[in-house]
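Working notes, structure below.
Each ligand, and each atom within it, is numbered from 1 in the order the structure gives. We count residues from 1, following the sequence as given.
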Amino acid sequence: MNDSALTPEPCSAPLRVIPLGGVGTFGMNCTVLECGGHMIMVDAGFKIPQGNYPGVDLILPDFTYVLENLHRLDAIFLTHGHDDHIGSLPFLLRQADVPVYGTALTLAFVRERLADRNGNGQPVDGDLRQLMFRDPVTCGPFNIEAVRVTHSIPDGAALIIRTPVGTVVHSGDYKMDQAPIDGNPTDLAGLSDIGEAGVLLLMSDSTNADRPGFTRPEAEVGRAIEDLMGQAPNRVFIATFASHIHRIQQILDAAKACGRKAVIEGRRMIGNSRLASDLGCLHVPPDVLISMENAAEHDSGKLVYLVTGSQGEPMSALSRIARGEHSGVKVGNGDTVIFSSRIIPGNELSAGSMIDRLFRAGAQVYYQGSPMVHVSGHGSAEEIKLMINAVKPRFFVPIHGDYRQLVACSSLAQQVGIEKDRTFILDPGQVLELSEDTACLGDSVPAGRMLVDGDLVTDLGSPLMKERRRLAREGLVVVVASIAAPGEPESIAPSVFSVGVGLEEASQSLDREAEVVAKNFIMEWRSAPSSIAELREDVRIGVRAVYRRALQKKPMVVSVLVEE
Ligand SMILES: [Zn+2]
């Protein structure tokens, strides 16, 4: 919260900037800009669920506001091809028939996402239009230009969005690596020119705002990996993010330098490498790549396996290799495993148990820390200051971070001269209204999280999620009974089954006890019948009390009482 939030000025400004995700919590980046009755969206990402989301595959921003105003949405513009920026498109484009703009590799990754079947969903068609760097396109009252930024994926862009009231710069995800692997550093000269012409608002990546100094250059990782590969006595397995094309490039180059052959394994790693290679973003050295089948023909000390699974994902290539379930290769004594990635918060348990498993198998495992087998793709504090100084915005909004990173980023802006009342930390759905020389908080639009389970999309507070959490926590009891009409011969005795409530023997004995309780309720009801619904409720409460007394659990009880 900032001062202007406490005392909002009256404002009838013509530009509205609305983050729908990516502020206050990492992931599902998405921002809407509105002007003159038109709307564009920047990025449409998803988030992988961490924590208590049983059965949920993905989390999307709540697109209610956009879907209710679909007739005003002119286009979606993408900064780069990471899933937290493009992952919602298959769901959004099923309902929104709008063009999607992005740079070449970004669109190639989008095409792959759209071709995926999601749950029971069908592949989605998209009107994909390529953005060329420094070649603006006009869209309603907006004019949008991509400026190159360096990130952990090629073809990353900051978006320069010119509007009738001024220029908005959306930084995308960036770092200021001065010698990046593809030779394409962040276009600071271009950003400075845009800054000189006057920028109304900068929205900046805040990911590493709370890290001092500069993020280490990507090339240092290549040198560390080559050193480890050179010393490794046997096979080398390297896990990294499947979209990290620069890292894949460095690993293949290191393999070449060390005289090793490389096998790429994992569906998305293979697919992304092919796409990047086709677009000239990845240059596979000659005579390095071999197939998994051909690896057996080579000395194991001359092999590198480039695999998915850096987060311990159970079905990934590295997980299957670690469990000894991969048909092509196993890990063993003398092998080296390098996690060239960070462990994303929330994945510590799965990644940790896989690392333990690899150590148990006799491998030497390198992960997080020394030697430098991974660096971030996001700039640290000094790089963010550099961006702000180049762009020289009148107003500043930190994006792409948990709340603490947004606060740190806002503080960096103040350190380089953006007064506190010109920085705005926005919540999802919070509207920032801008005119040529003012910015103030406006109303809020619906925002939050939508949960995806297969083809089902539901909201966070839905009864379905509450039921799943309760089932996971308390277990399930089913009561089945056949109820004869009053005056008819006695019904068959009720049966009770419990699942996930207690240990087997204790549960079975409680199930029998619950059967007696249910039978008593049924006999009572037969002597003075009321509605079957009342009986069902009495049985539910009475049976639940049995488990509650014995185990302090409140299982979900389902009474199936069938009238004969
Ligand atoms: Zn990114």
Side-chain angles (χ1 to χ4, degrees), residues 19-23 25-31 41-48 58-61 76-89 100-110 112-113 131 133 146-159 169-177 180-182 184-187 203-209 211 215-218 221 240-249 268-269 272 275-276 281 310-311 340-347 374-380 383-384 387 398-402 405-406 409:
L20 293 181
V23 287
T25 178
F26 273 111
M28 56 180 207
N29 297 287
C30 181
T31 303
M41 181 184 285
V42 175
D43 289 337
F46 69 40
K47 183 181 171 72
I48 301 288
L58 306 169
I59 303 177
L60 315 181
I76 301 170
F77 290 83
L78 303 173
T79 57
H80 63 287
H82 278 152
D83 282 336
D84 59 335
H85 294 256
I86 67 168
S88 283
L89 286 173
V100 177
Y101 289 86
T103 53
L105 186 70
T106 304
L107 291 189
F109 282 9
V110 168
E112 288 285 290
R113 276 269 162 223
L131 271 181
F133 288 107
V147 171
R148 192 183 286 282
V149 291
T150 304
H151 185 39
S152 48
I153 188 169
D155 262 4
L159 296 177
V169 176
H170 185 298
S171 74
D173 293 3
Y174 67 92
K175 67 192 282 192
M176 298 292 184
D177 196 333
I181 304 309
D182 61 2
N184 289 315
T186 294
D187 184 358
M203 307 179 80
S204 171
D205 177 6
S206 308
T207 309
N208 286 339
R211 292 191 197 176
T215 300
R216 306 297 303 174
E218 174 66 23
V221 175
T240 191
F241 299 111
S243 61
H244 205 325
I245 303 301
H246 295 150
R247 192 65 53 81
I248 295 171
Q249 179 74 62
R268 208 163 276 279
M269 183 84 81
N272 288 353
L275 289 175
C281 299
S310 62
Q311 306 301 308
S340 186
S341 56
R342 77 180 179 113
I343 296 173
I344 294 169
N347 294 339
H374 177 66
V375 295
S376 173
H378 300 267
S380 299
E383 291 155 276
I384 293 170
M387 173 65 84
I399 53 171
H400 204 286
D402 285 336
Q405 279 95 31
L406 303 185
C409 198

Return each pair, listed once, that meets salt bridge (Lys or Arg N to Asp or Glu O under 4.0 Å) where at least one residue sits in residues 101-110; pairs must be two or more places apart or across chains.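 Passing the test, one end in residues 101-110: no pairs.
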Please name all residues satisfying side chain to side chain contact (heavy atoms under 4.5 Å, CB included) with Arg268, sequence neighbours left out, ordered by chain then number.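 Side chain to side chain contact (heavy atoms under 4.5 Å, CB included) check on Arg268 returns Arg113, Asp116, Ala242, Asn272.
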Keeping the roles fixed (side chain from Asp43, backbone from Thr79), state whether a donor-acceptor pair exists under 3.5 Å.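 Pair found, side chain donor or acceptor close to backbone of Thr79.
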Holding to ring pair (Phe, Tyr, Trp, His ring centres under 6.0 Å), I want the full list of residues that pass it with Tyr101, two or more places apart in sequence or in another chain.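 Ring pair (Phe, Tyr, Trp, His ring centres under 6.0 Å) list for Tyr101, sorted by chain: Phe77.
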For the residue pair His82 and His80, categorise the inter-ring angle as parallel (less than 30°), tilted (30 to 60°) or perpendicular (more than 60°).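 His82 and His80: perpendicular rings.
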From the options Thr31, Ile399, Asn29, select the one residue that forms a side-chain contact (heavy atoms from CB on, under 4.5 Å) with Val23.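 Result: among Thr31, Ile399, Asn29, Ile399 is the only option passing the side-chain contact (heavy atoms from CB on, under 4.5 Å) with Val23.
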Given a threshold of 2.8 Å, state how many protein N/O/S atoms are nearer than that to the Zn ion (ligand 1).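 Number of qualifying protein atoms: 4.
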